[in-house]
Amino acid sequence: MADSLVDDLNPEQRAAVLHGNGPLMVLAGAGSGKTRVVTRRIAHLMRRGVAPGSILAMTFTNKAAGEMARRVVDLGGAYVRVATFHSACARFLRQDARRIGFPQDFTIYDTYDRDSLIKQLLEELGLDGYGIKASVVGQQISRMKNAALKPDTSTSGFSDVARVVRQVFDPYHERLRKLGAMDFDDLLLHFLDMLRSDPQVAEEYRARFPFVLVDEFQDTNRVQYDLLRQLTTPDSSVCVVGDPDQSIYGFRGAEIRNILDFESDFPTTTVVRLETNYRSTATILRAAEAVIANNKLRKDKRLRTENPEGAKLLKFRADGAAEEAGEIADRIRGMRGEDVPLDQIAVFYRAHWLSRGIEQALKDKAIPYTIVGGVTFFERREIKDLLAYLRVLVNPLDDVSMERVINVPPRGMGKTSVQKLRDAANGAGLSMVEAVMDPAMHVGLSAKSRKALGALAETLREAKHMSAAGAHAALKVVLQGTDYINHATTMGDPEDVAREENIQELVSDVVQFDEKMGEGLSGYLQHVSLLTSADKEVEGPSVQLMTVHAAKGLEFDHVYITGLEDGLFPSMRAMEDKDGLEEERRLMYVALTRARQSLFLSSARERMVAGAMERSTVSRFLKEIPADAMETHSATWHSWSADEGGGQEPEAAAGHEIDFDQTPQVIDVGTRVRHEMFGEGRVAHIAGRGQMARARVRFDDGIERTLILEYAGLRVVSEGNAW
DNA sequence: CCCGGTAAACTTTTT
DNA sequence: GTTTACCGGG
């Protein structure tokens with residue numbers, strides 16, 4: 001019998017899609033059709049008569065969630081809500097927040113809000129003298145919560161940071177409660193607490209969602225796993241999908257252990273392995289497998305493919321970051337000339353700040369691009385300010401938001417005035433928002449401040465009143481009442497224009513939300529506070545720029561992996577311990593396996609890092625790729641496809657050799673070099689290796705100096721053996 | 001209180 | 001190279 005849902009699937013995929021009741025674990029290698037299986041399984045369940053509302057599907061990112069929901073609809077299924085763990089918990093908590101002592105309209109604090117609060121607490125508790133940054137404390141607290149730990153002495157060390165964290169941990173959470181706010185981690189923890197403390201509630205949720213599905217299971221942390229167990233029974237129809245080789249969120253508490261535990265906690269689990277790769281060329285797959293095979297803490301696992309060999313991977317070693325980016329831009333321009341769709345080209349980097357150079361080069365060559373992630377729209381200062389105004393309307397306990405904007409635009413409320421108001425509020429048992437609204441709390445402030453606060457209170461009152469008509473009405477009052485646009489566009493820097501545009505974009509986003517969702521101001525705020533990079537629509541075809549983390553789950557015909565240098569990728573921090581390095585290698589594996597047809601692997605001999613020029617060696621991961629799967633890129637454009645002359649390798653330009661595999665520099669005895677301060681000279685002697693390598697150089701002024709190669713920044717003028 | 005200057009520190013990765 | 005911390009004059 002023909003069945004369009006499974007006709008074109010292989011036997012393993014089919015088994016996963018058609019699996020009946022009971023737990024199922026799909027171990028899906030890269031490019032093995034995981035999303036396909038998940039979406040078809042959902043469609044299949046609905047065809048069996050399962051109501052869309054009884055399926056709880058959770059993914060890791062908003063982007064993946066949206067994509068999955070869309071693909072189910074494309075298969076002819078009804079709309080199924082696919083959520084991230086965080087958004088699902090937020091939604092559930094919104095209904096039941098009162099049970100755990102939070103207002104229904106609780107505020108969700110992002111990382112920035114969290115750190116502002118911690119900073120204030122450090123000051124209040126007199127712990128700000130240690131030179132410890134609030135963000136470090138915040139990260140540490142987050143890490144503990146993700147591992148489901150409490151700050152007792154057994155879990156922390158004796159460093160200053162550990163002591164401070166211990167002292168701040170409880171006050172931080174008490175304060176959050178007082179503010180009617182939760183941070184990202186709390187969304188999961190509070191919901192988990194709710195289920196645990198009231199078995200009947202847990203039972204309600206299990207009855208409501210007999211089908212639970214978790215994507216990217218290898219990236220779940222302990223709390224998420226505990227949550228999953230609360231939402232299921234050992235013989236539930238729970239389906240988890242993941243790939244241990246793609247676990248890249250260890251820094252966030254992800255535990256591969258969850259995959260092992262799953263089989264024992266759900267003893268009747270059916271395990272399905274998807275081991276055929278349909279995505280990449282055989283050469284790309286071979287390269288990726290060779291790299292990941294270097295991980296020791298790993299079950300040996302192979303992926304098959306019937307795809308053609310395809311072109312070899314191209315490696316390119318540039319002198320500097322600008323050359324690297326320029327070459328990539330040139331190449332992309334060439335591909336564009338061959339009618340390669342731009343949105344099938346992606347450029348990856350290890351960290352956001354590395355996007356700058358690439359952006360610049362693409363801009364110079366007029367190639368459209370989109371940055372995925374980075375400082376997102378809703379993290380921009382002007383947007384956060386305006387959202388803070390809206391938040392205090394919905395949650396009058398939210399002092400963090402109130403203090404954020406109490407003097408923005410400047411209204412004469414400096415540090416001392418704010419402190420006075422804070423004291424008055426504390427004395428009267430009021431929140432800051434309430435104190436702003438109450439003229440009785442303004443006594444003792446300057447006439448100017450009192451007047452400004454009165455106007456602010458009036459604006460907030462009016463906005464609150466108008467919020468009944470929707471988020472847009474409230475925002476309009478805020479913009480008018482505070483003259484915010486004027487403030488944001490006259491700060492005298494080049495960003496003035498962009499800020500105005502951003503505010504306009506916020507306005508239209510709000511208007512759209514009002515029309516489409518009709519969930520009111522508080523609905524808008526909830527929607528927005530869990531949005532990150534994801535939902536920005538791509539307008540027109542463009543090259544996709546993103547971190548490797550952001551690339552997970554995506555695929556492109558042509559992929560550029562940049563900055564393949566030791567210290568960058570793998571990152572300096574990750575190189576310190578073995579686990580870190582193995583996770584970094586998985587990250588490289590993820591990067592490589594995103595590509596369908598071609599891969600371009602680049603590095604630069606030197607680049608600016610935090611203001612200083614740094615030299616580096618080629619990434620160790622690149623050296624793990626079999627030599628016969630790669631060839632060296634020559635600086636002139638030729639077609640990316642193998643059959644169009646990709647084979648020949650033009651001569652490297654003289655005096656400009658491309659020594660990809662050579663480590664740091666080609667400075668030998670006899671080499672003529674230039675130093676920025678000392679001028680030109682000849683290398684007389686080399687001592688030491690790696691970071692310790694030193695060169696004794698006899699400069700033309702007749703003086704011999706010993707220089708550490710790593711820092712000296714010597715440039716080769718001509719090779720010594722050329723003579 | 002505000003703004004402009006200068007000094008110092010720092011960059012993984014995300015919900 | 002960019003963002004934050006601190007200081008001194010309006």
Side-chain angles (χ1 to χ4, degrees), chain A residues 58-65 83-90 108-115 119 128 131 133-136 139 142-143 145-146 182-189 216 219-221 223-224 247-254 321 348-357 360 372-376 378-379 381 407-418 445-446 448-449 452 491-493 495 529-534 546-553 563 567-576 580 583-584 586-588 590-591 607-614:
Chain A
M58 288 186 288
T59 66
F60 217 57
T61 62
N62 293 302
K63 191 167 190 156
T84 63
F85 269 97
H86 290 83
S87 65
C89 290
I108 300 169
Y109 281 173
D110 68 12
T111 309
Y112 189 96
D113 302 322
R114 174 195 77 188
D115 292 345
K119 187 175 178 193
D128 53 345
K133 286 200 308 185
S135 59
V136 172
Q139 277 168 23
S142 174
R143 196 167 310 155
K145 292 204 286 191
N146 279 313
M182 300 181 193
D183 65 21
F184 284 145
D185 308 320
D186 290 342
L187 292 173
L188 307 188
L189 284 169
E216 307 286 13
D219 286 323
T220 52
N221 61 36
V223 174
Q224 288 164 330
S247 170
I248 56 174
Y249 283 97
F251 68 93
R252 216 179 77 175
F348 299 162
Y349 32 79
R350 180 61 181 79
H352 282 300
W353 62 273
L354 291 162
S355 72
R356 290 194 158 278
Q360 192 55 54
V372 178
V375 180
T376 63
F378 293 102
E379 287 167 356
R381 198 204 311 186
N407 198 34
V408 182
R411 48 173 69 92
M413 291 293 296
K415 222 176 165 172
T416 44
S417 304
V418 171
L445 294 173
S446 70
K448 190 176 142 200
S449 302
M491 297 177 68
D493 58 63
E495 299 288 306
S529 46
L530 290 171
L531 227 53
T532 48
S533 51
M546 65 192 85
T547 63
V548 183
H549 280 89
K552 197 171 65 150
L568 264 190
F569 195 177
S571 76
M572 196 72 87
R573 298 274 288 275
M575 280 161 60
E576 283 164 14
E583 175 154 319
E584 207 77 355
R586 292 193 290 270
L587 199 53
M588 179 71 176
V590 168
R607 70 171 74 235
M608 287 291 243
V609 179
M613 192 60 86
E614 300 218 334

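In what follows, chains are A, B, ... by sequence order, proteins preceding strands, each numbered from 1. This structure is a prediction, so every number in the text was calculated from the model and none was measured.
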Tell me the interatomic distance from [X], atom [atom1], to [N], atom [atom2], rounded to whole angstroms.
X: A:R356; N: C:dT2; atom1: CZ; atom2: C1'; result: 8 Å
X: A:D186; N: B:dT15; atom1: CG; atom2: C1'; result: 13 Å
X: A:Q224; N: B:dT15; atom1: CD; atom2: P; result: 12 Å
X: A:D110; N: B:dT15; atom1: CG; atom2: C1'; result: 10 Å
X: A:L568; N: B:dT13; atom1: CG; atom2: P; result: 11 Å
X: A:M613; N: B:dC10; atom1: CE; atom2: P; result: 21 Å

Nearest non-hydrogen partners of [X] and [Y], listed with the distance:
X: A:N62; Y: A:L530; value: ND2-O, 3.1 Å
X: A:I248; Y: A:R586; value: CG2-C, 4.1 Å
X: A:E584; Y: A:F569; value: O-CE2, 3.7 Å
X: A:G412; Y: A:S449; value: O-OG, 3.2 Å

Distance between C1' atoms of C:dT4 and B:dT13 (Å, rounded)
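Straight-line distance between the two C1' atoms is 23 Å.
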Would you say B:dT14 has OP1 or OP2 under 4.0 Å from some side-chain N or O of A:T547?
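Yes, because at least one side-chain N or O of A:T547 sits under 4.0 Å from OP1 or OP2 of B:dT14.
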May I ask you to evaluate whether A:H86 reaches the phosphate of B:dT14, defined as a side-chain N or O under 4.0 Å from OP1 or OP2?
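Checking A:H86 against B:dT14: no side-chain N or O falls below 4.0 Å of OP1 or OP2.
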Mind checking [X] for me? I need base, sugar-phosphate or nothing, with any heavy atom below 4.0 Å counting as a touch.
X: A:Y249; result: sugar-phosphate
X: A:F85; result: nothing
X: A:S571; result: base

Looking at [options], which one has an atom nearest to any side-chain atom of [X]?
X: A:K119; options: C:dA5, B:dT15, B:dT14; result: C:dA5
X: A:F251; options: B:dT14, C:dG1, B:dT15; result: B:dT14
X: A:A351; options: B:dT13, B:dT14, C:dT2; result: B:dT13

5' precedence on DNA chain B between A:S135 and A:N146 (nearest-nucleotide basis)
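Nearest nucleotide further toward 5': that of A:S135.
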Between protein and nucleic acid, restricted to nucleotides 1-4 of chain B and to nitrogen or oxygen atoms under 3.5 Å apart, what atom pairs and distances do you find?
residue, atom, partner, partner atom, Å
B:dC1, OP1, A:G414, N, 3.1
B:dC1, OP1, A:T416, OG1, 2.9
B:dC1, OP1, A:S417, N, 3.3
B:dC1, OP1, A:S417, OG, 3.0
B:dC1, OP2, A:T416, OG1, 2.8
B:dC2, OP1, A:G412, N, 3.1
B:dC2, OP2, A:N407, ND2, 3.3

How about A:R381: does its CZ atom have over 12 heavy atoms from other parts shown lying under 6.0 Å from it?
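Count not over threshold, so no.
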Does any non-hydrogen side-chain atom of A:D115 lie less than 4.5 Å from one of A:Q139?
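Heavy-atom side-chain distance check fails, nothing below 4.5 Å.
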